[in-house]
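This report concerns only the one structure given below.
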Amino acid sequence: MDNSSQWLRESSNMSKPVLVVIGHGMVGHYFLEQLAERGLHKQYQIVVFGEEQYPAYDRVHLTEYFTGRSAESLSLVKDGFFAETGIELRSHCQVTGIDPLARIVTDSQGHRQAYSQLVLATGSYAFVPPITGHQRPGCLVYRTLDDLDAIAQQAADARCGVVIGGGLLGLEAANALLQAGLETHVVEFSPRLMAVQLDDDGAKMLQQKITALGVRVHTSMQTLSITDGTHARHRLSFADGSELETDLVLFSAGIRPRDELATLAGLQKGPRGGIIINDYCQTSDPSVSAIGECALWQGTIFGLVAPGYQMARCLADRLAMIDTPFSGADMSTKLKLLGVDVASLGDAHGSTAGSQSYQWTDGPAQIYKKIVVSADGASLLGAVLVGDSSDYSQLLQRMLNGIALPDHPESLILPATTGESCGGPGVALLPETAQICSCHNVTKGDISAAVIGGCGDLSSLKACTKAGTGCGGCVPLLKQVMEHELTALGVEVKKDICSHFAFSRQELYHLVRVNNLRSFDQLRRQFGRGQGCEICKPLVASILASCWNDYLLSADHLALQDTNDRFFGNIQKDGTYSVVPRIPAGEITPQGLITLGQVAQRYNLYTKITGGQRVDLFGARLEQLPDIWRELLDAGFETGHAYGKSLRTVKSCVGSTWCRYGVQDSTRLAIRLEERYKGLRSPHKIKMAVSGCTRECAEAQGKDIGVIATDKGWNLYVCGNGGMKPRHADLLASDLETGELIRIIDRVLMFYIRTADRLQRTSNWLDNLDGGISYLREVILQDSLGLGETLDSEMQRVVSAYQCEWKTTLNNPQYMQLFRPFINSHQPDEGVVMVPDRGQIRPALAEEKERPVSRSLPVNEWVTVGQLSDIPVNTGIAARLGDQQIALFRLGDDQPVVYALDNQEPGSGANVLARGLVGDEDGTALVISPLYKKRLRLTDGVSPDDSSVSVRCWPVRLENGAICVNCQPMVVSEPPAIETQS
């Protein structure tokens, strides 16, 4: 008996019935999760076959793979899922046959697996039209991660790419080519893009918008053949006699169900393919079920993930003996294609007899909206939204739940400044059965139950219900429902930033502006309490800088600064700092490069080119920073603000000055923007870029402010983000002349500074802004709030008040004292150790450092380590106590108190605790460590959050202004008294 037969015999004799799932895509894995939720993994032996090398991953966000997102981050499989459930996954294993009589599946290696129940979740494949030459090398499809790897490889030495197919997937594929830097064309057989979802006017607006992005669209074009090109790899020949040469061809002409296994098994299929299923997802063989894009229900193949998830839930219920028939699915969609908002719901084409439609077009902003209503005007039947999909959730809920229309239905799509806007139906009017999240079938009632059960924030609500964790389109509505339910429970939905201020960041900003407050103490005395903390101090520091742009180390502001802003450098994990001089647009002279090299060599600094076209010098000790910056300033450099929540860089290509494709001088504009905004403090860091043409070499559409040249001027994109959660920027305005462009950027940035939450990137700010990009256009371009001149003057005040913080510091001996390593010693920090690596240096690992020789201190001896005047009020500074490093913290001015703790931050090994922020909680003095933000009580060195985290505390007393520390650390059982002698 061969191994496969033995395997078959043993698996057939198992006590549990065997459930085999063929296909481990999004729907297949969701089905496994549903089985686990119902405990069915304990009733069945479950075996899953996945054809791809990767476990299930998120195909909805597949394009993000081209922007740097990894395959691992796209994975839908939680760590430990298969180990915890006992489900067996056989990846990279294709099933080649099904024997329905013997109930056996066979894989490509000849192994056979018996089953009791079989589930086909094989999905679909990309349809390739039978065009002559479609099998040529370099003619690819856009469907899987392996496909994307092949596209990236082919695009590496390509100049031009063509997508055949202008539907949803075709435009996603076009985005991938655009991201790869190719001249991009879309060829569509029908007269319009997205013919299934959009009407003529909506498709026309979409085409205008993506054409403005640099994608060339060819509609009503039939491709006849693909042959060798003269100037490129391929030549496409069309039915009208025209031709187009390209280096890469992507087919995205629709999908077809993967039903070949059903053919082998003799299962019933539709005339155009698809495995026929009933309302319980059963095929013509009762032991075989099908879900997802391979399944045909009442003549329909559902090409979206949400209906597949719904099938998976119905099938899991049937296996659990729960009667939940599949009754179809809403095919409404909300997408962002090439950065353009597109949404379609219900009867978008107005095909219902007697239906009426309302349309609104904003030509300058390139927005198109249409709603289709019933003949009596009482109910919403469908809608199309292009350029602004902020109304999607409310319109969808109104349609799905039959909520009556207002007397003037057009008000649903007209902006508030144009008509009497009635807005959405309001979450209070939604029934408990209203489906908020279609991906995971979460209703308003489910959310209400979760909130009552204790979910009081979005993160816990998502974890509990899974709402908002699929495509993410429901998150704004989810937040509204959550806050409505909290309010109904009598829970105040507070925006307080911390226990010291009962205000939101926006409210604090306006208090500072309106009351002309210039310091934290002024704000605290009038509107706060306590001494502040690690949340409110840096926040208020940022607001004060945004409003008045005063010097950060002045007496009023020093104690508010986190370590990076206090020492004008980015702290690294070993306590050293990085030095990043400003290099506007990446333009630097040869002498400037030589100076940077000489400085790096002189101070033995690790050198690296940053992603923002600057040079980063790592490993500078605290006391070296002034000397390093003096040399850099003498060479013409200035601070690069790499340490602050401020403008970091304006990245640029070389533009029309050098590049043969450039249409505008992008480098000159990038320098002008960086010089203008270099002193701007904001809720979070800001990154900008300017590209000289639509090839987008500066990656402007992934920046907070992105500018792309056109032959008519500049296109302005806003609120992009290439960080942890990448977001494509939105097109705000097109074909701007330079002066108008800068005026609009001024207003966007100041409006962001006025209204954003604490540490909120522009991308999240826009996503949470009521009305989204449409509202932002009204405020900025149409001045709907009448704020234009105010925003202009506020920005000009900031620009006029700019100063290079390092220049100011080096010109004042008093400020230079802040950069001493210790108040009583010039000996460098022995904890900073570098080792050679790849021709440079890096911080030594713990095992690479010599163990320090510790000498005992005299018992109960008091040692003077410095003067009270050495420590600025409400800050810390390091001192030496024998061979011990201690951190001294001074609180108060009129009646000063000094505390002493070990200088080493718990768990990090870095001697940096003295550089932490000082604050309080309910009157208890705290220091917040600078690296990992651990809170420690100054009275005993113990963390109030985790008693296992602590440092030693040393007795301190003041004698005629001298700071005396006892050489014996305290064993603290209660907060010690501070001795003061005169």
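Numbering starts at 1 and runs along the sequence shown. From a predicted model like this one, the values you see are computed outputs, not experimental measurements.
Figure legend: cation-pi geometry between R318 and Y280 absent, as NZ or CZ is not positioned both under 6.0 Å from the six-membered ring centre and within 45° of its axis. A cation-pi contact, defined as under 6.0 Å to the ring centre and within 45° of the axis, links R695 to Y661.
H29 and F81 have their aromatic ring centers within a separation under 6.0 angstrom. For F82 and H24, the distance between ring centers is under 6.0 angstrom. Checked against the 6.0 Å centroid threshold, F326 and F302 count as a close aromatic pair.
Under 4.0 Å is where a charged nitrogen must lie from a carboxylate oxygen, and between R136 and D228 at least one such pair does. By the 4.0 Å N-to-carboxylate-O rule, E51 lies close enough to R258 to be salt-bridged with it. Comment: K78 does not engage E33 in a salt bridge, judged by the lack of any side-chain N to carboxylate O separation of less than 4.0 angstrom. Between D146 and R143 there is no salt bridge, since no side-chain N of the basic residue sits under 4.0 Å from a carboxylate O of the acidic one. Salt-bridge formation is not detected for the pair D199/R192: no Lys NZ or Arg NE/NH1/NH2 atom is positioned less than 4.0 Å from an Asp or Glu carboxylate oxygen.
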* Using the side chain to side chain donor-acceptor pair (under 3.5 Å) rule, take N278 and W297 through it: C-alpha gap first, then chi angles, then the decisive distance, then the call. => CA-CA 7 Å; N278 62 17; W297 179 82; over 6 Å; no
* Asked: Should E293 and S124 be marked as a side chain to side chain donor-acceptor pair (under 3.5 Å) after you check the CA-CA gap, both sets of side-chain angles, and the distance that decides it?
  -> CA-CA 6 Å; E293 293 176 340; S124 61; 2.6 Å; yes
* To do: Step by step, work out the side chain to side chain donor-acceptor pair (under 3.5 Å) result for T300 and Q298.
  => CA-CA 6 Å; T300 300; Q298 295 190 6; over 6 Å; no
* **side chain to side chain donor-acceptor pair (under 3.5 Å) assessment of H111 paired with Q113** => CA-CA 7 Å; H111 296 150; Q113 172 66 56; over 6 Å; no
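The closest side-chain heavy-atom distance from I22 to L118 is below 4.5 Å. Within the 4.5 Å cutoff, the side chain of Y309 has no heavy atoms near those of the N441 side chain.
Using cut-offs of 30° and 60° on the angle between ring planes, the pair Y717 and H728 is perpendicular. Classified by interplanar angle (parallel below 30°, tilted 30° to 60°, perpendicular above 60°), the ring pair H134/F251 is perpendicular.
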